[in-house]
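Heads up, the thing below is written out as structure tokens.
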Amino acid sequence: MRKNIVAGNWKMNLDHAAGLQLFAEILNLINNELKGNQEVVVCPPFVHISSLAQLLKANSTVSIGAQNCHHSDAGAYTGEISASMLKSSGASYVIIGHSERRAFFAEDDLVLAQKLDVVLKNELSPIFCIGETLEQRNAGTHFDVIESQLKEAAFHLSDDQFKKLVLAYEPVWAIGTGLTATPEQAQEVHAFIRSKVAEQYSAELANELTILYGGSCNPKNAAELFGQEDIDGGLIGGASLKAQDFVDIIKVFNS
Ligand code: PGA
């Protein structure tokens, strides 16, 4: 059975005390009421990871993720953070290829391929983000863009490696804009992604793959989005900074 995941991406928000408080509120509201195949991931800024990890109990269905990591194992890269540091700080997921990293930090598919390799080597699960810009959607090239992002950054992985990925379809025009993809638009792309994975790997692997939707997802639209056949949860930005909104989105799977 496919895993349902709701992941919160805090981006560059919240100082340490505010981050700890939000995380404690989220744990409290979830109150161990998650379904068996459901997982929650919270991705705070790097400096909060180890403190948040200490609040988790053994066998928690809540995990900690990072928002990025460097593509090398270690070395003279002042200011950077490696996958092994994240692992040893208590993270189990890493967001790779978020559109803000692609746009503001010039991350291309080549470097993202290396990041996926280093994350997997360190036994972390990548949440690999793909999605088109508004111009690309208006030009009707969104399927080509998504296929190329998959091919260039991820399709070099072996079956066993690819199985560990979570994919996130995040149309860039929907991120932080309040413009959500309609459930039909999102479903169409999710089904396309699954078909490409089936072609490259196998129908079985594609069927087990968790594909999240991200982009202005909130407690009002989550149920309809997550109700689509190929949408297995969400990567939540703005709404993950409010404990009640985030947990309301998570509990869509319980209703
Ligand atoms: P948003 O962000 O929910 O604020 O649109 C989503 C994301 O960037 O992952």
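Positions are given from 1, in the same order as the sequence printed here. Whatever order the structure lists them in is the order used to number ligands and atoms, beginning at 1. Every value quoted in this text rests on a predicted model; they were computed, and no experiment measured them.
Here's the thing with Ile175: none of its N/O atoms is less than 3.5 angstrom from an N/O atom of ligand 1. The shortest N or O to N or O distance between Glu100 and ligand 1 is not under 3.5 Å. For a threshold of 3.5 Å applied to N or O pairs, the pair formed by Gly237 and ligand 1 contains at least one separation below that value. The shortest N or O to N or O distance between Thr177 and ligand 1 is not below 3.5 Å.
Aromatic ring centres of Phe155 and Tyr201 lie closer together than 6.0 Å.
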Worked verdict on His156 versus Asp117 for side-chain hydrogen bond (donor to acceptor under 3.5 Å, both in side chains): CA-CA 10 Å; His156 65 287; Asp117 291 343; 2.8 Å; yes

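The closest approach between a heavy atom of Ala174 and any atom of ligand 1 is below 4.0 Å. Residue contacts with ligand 1 leave out Ala239, since none of its heavy atoms falls under 4.0 Å from the ligand. Ligand 1 is never approached by Gly214 to a heavy-atom distance shorter than 4.0 Å.
Between Glu208 and Arg2, no side-chain nitrogen of the basic residue sits less than 4.0 Å from a carboxylate oxygen of the acidic one, so the salt-bridge criterion is not met. Ion pairing of Asp109 with Lys151 is absent here, as no side-chain N (NZ or NE/NH1/NH2) approaches a carboxylate O to less than 4.0 Å. Taking a cutoff of 4.0 Å between a charged side-chain nitrogen and a carboxylate oxygen, Asp160 and Lys163 qualify as a salt bridge. Electrostatic pairing of Asp248 and Lys242 does not count as a salt bridge here, judged by no charged N lying under 4.0 Å from a carboxylate O.
Residues Ile236 and Ser240 come closest through the heavy atom pair O-OG, 3.2 Å.
Within 6.0 Å of the CD atom in Glu184, the count of heavy atoms belonging to other residues, nucleotides or ligands exceeds 12.
With ligand atoms numbered from 1 in the order given, ligand 1 contributes 1 (P), 3 (O), 4 (O) to contacts under 4.0 Å with heavy atoms of Gly238. The contact set between ligand 1 and His98, taken as ligand atoms under 4.0 Å from a residue heavy atom, comprises 7 (C), 8 (O), 9 (O). Near Gly215, meaning under 4.0 Å from one of its heavy atoms, ligand 1 places the atoms 5 (O). Atoms of ligand 1 lying under 4.0 Å from any heavy atom of Glu170, numbered from 1 in the order shown and given with element: 6 (C), 7 (C), 8 (O), 9 (O).
Among Pro171, Gly176, Cys217, the residue whose heavy atom lies closest to atom 5 (O) of ligand 1 is Gly176.
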